[in-house]
Amino acid sequence: MPVSGVVISCLVGCSEAVSGRIAAFDGVEVHGVLPDNQIVAVIEADTVDAEVKLVSQLHEVEDVVSVRLAYHNFEDL
Amino acid sequence: MDSSTKHSGITRRRFLKDGVLLPLALAAAGGGVSTLFLRRADARGFYLRPPGALEEGNFLAACIKCGKCAQACPYNSIRMSGAEAGVAIGTPHIIARETPCYLCPDLPCAKACPSGALDRKLEDVEKVRMGTAVIVDRENCLSLRGLRCEVCYRQCPLIDKAITILPRHNQRTGVHSIMEPVIHHDKCVGCGICENACVRDKPVIVVMKSPPEQKDYYEF
Amino acid sequence: MSFKWWPIRRLVQLGVIALIASPLAGLNIFRGNLAAGDLLGVGLADPLAFMQATLASHIFILSFFGSALAVAAFYFVIGGRTFCGWVCPVYLVTELNDRLSRYLGIAERSYSLSGTRWSLAVTLSVSLLAGIPLFEMLSPIGITSRAIMFKSWTPLLLVLGIMIVEALAARRIWCRSLCPVGGFYALLGRFSPLRVGFSRQRCTGCGECSRVCPVEEVLAPSLVDGAGQVTSGDCTRCGDCIDICPAKALDVNIWYK
Amino acid sequence: MALSRREFLKASAAAVAFAAAGASVLNPKVSEAGDAGIKWGKAPCRFCGTGCGVLVGVKGGKIVATKGDPAAPVNRGLNCIKGYFLSKVLYGKDRLTKPLIRKGDKMVEASWDEAMTLIASKFKESIAKHGPDSVAMYGSGQWTVFEGYAALKLFKGGIGTNNIEPNARLCMASAVTGFMTTFASDEPMGCYDDLDLGDTYFLWGANMAECHPVLFSRMIDNRLKNPDVRIIDFGTRRTRTSQMADQYVRFNPQTDLALLNAIAHVIIKEKLYDEKFIKKHVVFKKGKENIGYGLEDKFKFTDDPKPISFDDYKKFLEKYTPEYASKLSGVPAAKIVELARLYADKKRKVNSLWTMGFNQHVRGTWVNNLVYNVHLLTGKISRPGENPMSLTGQPSACGTAREVGTFTHRLPADMVVTNPEHRAKAAEIWGIDVKRIPDKPTYNATEMFRALDRGDIKVLWSQVTNPFQSLPHLNRYRKGARKGDGRFVIVSDIYPTKSTEVADVILPSASWVEKEGFFGNAERRGQQWFKMVDAPGEAKSDLWQTMELARRLGHGNLFPYKYAEKEIFEEYRKFTVGGKDLAPYEAYVKARGLRWPVVNGKETLWRYAEGHDPYVKAGEGVKFYKNKKDDGRAVIWARPYEPAAESPDKQYPFWLCTGRVLEHWHTGTMTGRVPEIKRAYPAAVCEMHPDDAKRMGIKNLQKVKITSRRGTIILPVDLNGRGKAEKGNIFVAFFDETKLINELCIDAYCPISGEPDYKKCAVKVEKA
């Protein structure tokens, strides 16, 4: 099961709103909202494909500029 | 002549000789001799000898300090030690950080040795045992910090034998691997090319007489 | 102008130094030094260095032995300490130093020539017992030649020390009484065929020969008892006595002539 | 137990993400940090096309430190050894600080005004006497976007000549023509994330371990985490990459063409292709054959693409049985079948990666086409973790040379001078009469220097590159530059090089963070940086130099900028809207790079893929929308095997291949000035197979004389080095300016891309 740490950059002043939006996704845990329009979140999914899909979906969320994978683990658990 | 010596001639020449020059001479000679004997080996506790050198005790017994090995080295890697070497004065050694041994396939230095201090029958450079490389400062090794350095590995004349690369996961970045240089002491000839090539100010990989002592029998 | 030995000898001495220095000029005539070297590809070795290393390391290298034997044979023929008088660079230094010392007139004592035999004995036994070629470690000959070969200067302090002691206290003590190489060649030269001959008829007893001789004891049997040849192995065959003798009482001689 | 391990992993994931984000809390411009008053700013690394982010530490007006940028997505704080020493690259003792003008045999210091007056007069004189095509600009994939754009605008829109080329022509022109012929749009669909997400990697003529070190460690990490990952290294030389690959497949030089066709042959014969994908997204074409090698001066070639059917293509492939390819390549037929099946395995995410082995190839365009064929046949393209990817060698080969289009035939953003609409668009943005833009391409890089040798080009200005070390058949071009008769060579650089040696005027340049810049890396990521330190002495940026010439030639109105860098970028961005879509400048100031197209503030990881590429509509899945000519489909090309321009024979029995090493970059002018790197790898060697050496009585480290029909060089032999030549091959790196291996190389090039083949020529080797 893959586990990833991601950094999400948002448009200026939108990070609180975005964190609310992304927290609604299954398998996404928001770990912190940083003062420079960035959000740190952890993503869990069943397969790498599902995970990539999830990251892609986060990309589509309103006011998200980029989603950056900072840590990725997909060994079997 | 005798009478003059007894009276006045004694003064200046005698004084000069016995009072100043003789003590000075004794001090110089004594100082010279004692520096020869008091200091021994370099800070690392051993001299990197040319390829084919006998074990240090035997080497010192057999070396007659003729310098032929140094003259035979095409890279001027071999130097003759000076007074600072004590008992080993005048013996050939290599300062790897300045010029390592490049392991000429025909080993001209060993062939030049008249007295058997260097084994002239040595044919295979892979059988040379001058010492072994050791990573002495893991904290400052760039490769161990995840950077793509591994200069020691790529420049090793016994690449993939004496030094291999063990990749492992870099926990910090999560997506890169740490390419760890691993030294195999049974294959390392101790030529010092890695020590020479290390890009840190103070080389983190150096040649030592033998790997640091192990207190168990695990072999990694 | 009459024939003199000393310019030839000086040339040979300087030639030896030039040979030792020749690799620095990129020449491929000579490699190594007086302990062991290759002259035009022929291996040469100091027999004493061979003995020390062999005794110390218990390793016998045949070619090393051969080189040493060849050198020993050569010096046996031309007279033992000829090595000292004609080849050794330290001898050249001490010789010139002696001139200085005489000029200053401060060193007057001489010590016994037999010292070199003791020194030889000590060298060989320490080499055997301690497993280290004792003399090669201290040898001012090696130190001087390595200074030339590798510009390694600090050990020359030892040579400087010898010079000062000789100048101030004990005339030519190193070559006369301490050097085991001299000791070895003195033993070897005892029966060498090439010698200095002496003609009692011509000798005027002026003493010039003794004054210039570095080992004046060797002339005594001739000067005192009228022996026709200088037989002592300590004679360096330097030829200075022949050159200086105003009466031509001394010359080059072959054994049993 | 499982739970606690999972919790641990999540905590690590969060910690790493915080670390990554934490560093970016720094104001990316220049911000104060704790340690000893050092100010840190962000910039991409100055070396290869990977585009690692670094933080540059400035104190007292000098770069005192650099470190990998933990917030940079490409490298996450890591660097290779070149990047590690970035802080020393600009501070070599012999930095050029004053303009120098040749007076007889001497280079004499001069003022900028003198130098620029002289240069302008030479340009004017030459244009007046011989027309605008007698002056030329030779630039580089190390130009910043602004510099490349300004040079392009001056030459094409001002002076009115297409005589502008980048050194990227020697480096990835074949990748460009490969992309253009297959997809009608330059640059890869995938990105570096594919290195983390795929499970099968075919490397073709790419020594990633040494030449893309940080990316390589990323791919290796993928394998560490997933034991199913397979790395297959196709090569003509055993490298550090081969050493770490699962399989090393050795083939005879030039036969990659046959191998790829054989792989396609097997895929078709065994019906392993994706029929649906082919029907929907692919058309088939055939071009000219026996297309020559560009060895003659003024060589011209135009392809003549003809549509063919899938069946025609199948027929074309019939010849390429594994047995036939095996005979040519030396790869066992069974191995070819096995690897074709691996390529087509439906359960595998397959990537192909290549660099100079493909691109520096007399059939470079073809071999690029052929690798796309395999991906298009199997439908393994434009998916996360599954793409063909061309890796580049210069920091802005993509950003400046390719995207800005500093080639003789190009205009910005994939446009070409031969297309009247494209010229019209450029003229409109530049505010000039469209007639000013000449409609015919002139010379590719090799031809440009041939023209200088012949005297057709009189004045040539080289910026940020070192052609007189890097050109093939170097003797001819070095001599050509100094033939006199009105020839005038200007070289802008930061150090004396083999090129400044032949220059009439040397201009001291500002480099890297001595000026504001913008690079585009191999995954379409644009990265911006600010000026952080002053250039030494009177050195000035190439942008200033180009604009100063423009002013003196009366084209100052083309550059009416106050804040030139930003305004140029915004002007250039107009070209990209609706295709390559770069983001506004401000976005790059904030981000650690963004991958175009950036639409509505969002970057694109996978082009042509629904859900990723904003130009692919819902329901389309994959759409190669750039190829409008073929209705949004990609092209599978029937490209045959044809031999190299020069193959070993009795007289010259060895193949010579050239390339790079990890420590040094290209011609070594920067890395050679870092004492640590210089000590680590001081001089070039000749890699040779031990059996060949033994046969010839050559021992390791012994000197050998290598001779080709064009030159001779003496090098020590390396029989057991980091790279191991195959039998009948030798390899020499080209960084060593005291050993100009390029004098031996043949100046044959791919007729379509114009990129010379540095990997194959015939030489003999003798004991020196």
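Given the structure is predicted, the values throughout are model-derived calculations rather than measurements. A note on names: the letters A, B, ... follow the listed sequences, proteins ahead of strands, and every chain is numbered from 1.
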Indicate yes or no: does [X] engage [Y] in a salt bridge with an N to O separation below 4.0 Å.
X	Y	result
D:Glu676	D:Lys678	no
B:Arg168	B:Glu180	yes
D:Arg237	D:Glu726	no

### Query
Can you check whether D:Cys52's main-chain N or O pairs, donor with acceptor, with D:Thr50's side chain at less than 3.5 Å?
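Not confirmed, D:Thr50 side chain does not pair with D:Cys52 backbone.
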
### Task
Determine, stepwise, if the pair D:Phe735 / D:Tyr681 fulfils ring pair (Phe, Tyr, Trp, His ring centres under 6.0 Å).
CA-CA 10 Å; D:Phe735 70 85; D:Tyr681 201 146; 5.2 Å; yes

Sort [X] into side chain, backbone, both or neither according to what part of it lies under 4.5 angstrom from a heavy atom of chain B.
X	value
D:Arg240	side chain
D:Gln702	neither
D:Phe85	side chain
D:Met244	side chain
D:Leu78	both

#### Entry: Top contributor to chain B contacts, counting heavy-atom pairs under 4.5 Å, from D:Leu662, D:Asn75, D:Asn720, D:Leu215
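Winner by heavy-atom pair count: D:Leu662.
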
Between [Y] and [X], do the side chains contain a donor N or O and an acceptor N or O under 3.5 Å apart?
X	Y	answer
B:Thr164	B:His184	yes
D:Asn222	D:Tyr201	yes
B:His176	D:Asp221	no

### Query
How would you list, by chain and number, every residue that makes a salt bridge (Lys or Arg N to Asp or Glu O under 4.0 Å) with D:Asp228, sequence neighbours excluded?
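Checked D:Asp228 against salt bridge (Lys or Arg N to Asp or Glu O under 4.0 Å); zero matches.
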
Heavy-atom distances under 4.5 Å only: say whether [X] touches chain D with side chain, backbone, both or neither.
X	result
B:Tyr153	side chain
B:Pro167	both
B:Asn170	both
B:Cys198	backbone
B:Leu103	backbone
B:Leu147	both
B:Arg200	both

### Task
Please report the closest heavy-atom contact between D:Glu523 and D:Tyr192, naming both atoms and the distance.
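Looking at all heavy atoms of both residues, the closest pair is OE1-N, 2.9 Å.
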
Looking at [options], which makes the most heavy-atom pairs under 4.5 Å with chain D?
options	answer
B:Arg148, B:Gln155, B:Arg145	B:Arg148
B:Pro105, B:Pro157, B:Cys152, B:Cys149	B:Pro105
B:Val151, B:Val175, B:Asn196	B:Val175

